[in-house]
Amino acid sequence: MQSEKLTLVSHYLCPYVQRASIVLSEKGVAFERHYIDLAAKPDWFLRISPLGKVPLLAVPQAGLDDAILFESAVICEYLEETQSGTPLHPADPLTRGRHRGWMEFGSSVLADIWVYETTKDADQFEAKRRALAEKFATLEQELGDGPYFAGEDFSMVDAAFAPVFRYFELFETLFESGMFDRLPRLNAWRKALAVRPSVIDAATEDYHERLMLFLRRHDACLLARGKLAA
Ligand SMILES: N[C@@H](CCC(=O)N[C@@H](CS)C(=O)NCC(=O)O)C(=O)O
């Protein structure tokens with residue numbers, strides 16, 4: 001693969017891709033997106049993706065094949081180190097370390113969401129609903145006056161959580177989970193992230209239709225609970 005610009009190898013629904021896209025946009029970097037079908041991974045993709053996962057960032061190298069970065073956190077850190085624009089990590093090493101920890105916390109929330117949105121097992125669904133509610137309550141304790149995770153400035157932690165909250169824009173219309181009850185700071189944070197241009201641009205306009213199709217294909221409990229509640 002020889003690209004002219006940074007290229008983000010993507011999937012329409014992948015939250016980790018959205019993280020990288022948000023950071024690229026926040027840094028004002030011109031980049032291309034290349035969407036692939038994860039249900040039928042192309043050979044060229046399997047050759048360059050060690051884990052067979054998106055996102056990948058293809059970094060042009062004069063006269064050579066692109067250098068490939070994999071893992072969203074690594075891609076975000078690389079962009080932070082190489083691109084000008086407002087830093088998205090705090091300057092203080094201790095605070096930066098704490099932010100990295102919260103990004104990992106965001107990844108654990110995404111792992112819970114994967115089960116929550118795909119399971120057909122009602123007990124597992126309820127266990128994940130509780131796990132997510134507990135994690136959101138933990139986050140509520142960590143938040144200040146906002147509008148973002150660390151106050152006035154948008155940070156990597158915001159980029160990590162915006163794709164988390166995007167899921168619930170649809171999920172909560174299907175099934176009122178109660179997860180966001182009595183969490184005023186978290187709800188204000190969700191709202192602030194949802195209108196940020198970099199966050200809006202990280203997914204296509206038909207994201208919710210695609211997500212709905214995904215839920216139907218999995219015959220997910222979330223959808224059945226929604227139907228029962230309707
Ligand atoms: N830890 C990885 C997770 C990436 C990931 O799980 N990507 C999913 C799509 S959201 C994927 O490519 N799955 C394909 C597969 O596992 O076969 C990251 O942060 O980049």
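Counting starts at 1 for both ligands and their atoms, following the listed order. Along the sequence shown, residues carry numbers from 1.
Aromatic ring orientation, W102 versus F149: tilted (interplanar angle from 30° to 60°). The aromatic rings of F214 and W114 are tilted relative to each other, their planes meeting at an angle between 30° and 60°.
Side-chain atoms of K135 and S108 include a donor-acceptor pair closer than 3.5 Å. Donor-acceptor pairing under 3.5 Å is recorded for the side chains of D66 and S3. Side chains of S155 and D158: a donor on one and an acceptor on the other come within 3.5 Å.
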For a distance cut-off of 3.5 Å, show me each N or O of ligand 1 paired with any protein N or O, plus the separation.
{"residue": "ligand 1", "atom": "1 (N)", "partner": "E71", "partner atom": "OE1", "Å": "2.8"}
{"residue": "ligand 1", "atom": "1 (N)", "partner": "E71", "partner atom": "OE2", "Å": "3.4"}
{"residue": "ligand 1", "atom": "7 (N)", "partner": "V54", "partner atom": "O", "Å": "2.9"}
{"residue": "ligand 1", "atom": "12 (O)", "partner": "V54", "partner atom": "N", "Å": "2.9"}
{"residue": "ligand 1", "atom": "17 (O)", "partner": "K41", "partner atom": "NZ", "Å": "2.6"}
{"residue": "ligand 1", "atom": "19 (O)", "partner": "S72", "partner atom": "N", "Å": "3.4"}
{"residue": "ligand 1", "atom": "19 (O)", "partner": "S72", "partner atom": "OG", "Å": "2.6"}
{"residue": "ligand 1", "atom": "20 (O)", "partner": "S72", "partner atom": "N", "Å": "2.8"}

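With sequence neighbours excluded, no residue forms a salt bridge (charged side-chain N to carboxylate O under 4.0 Å, His left out) with R96.
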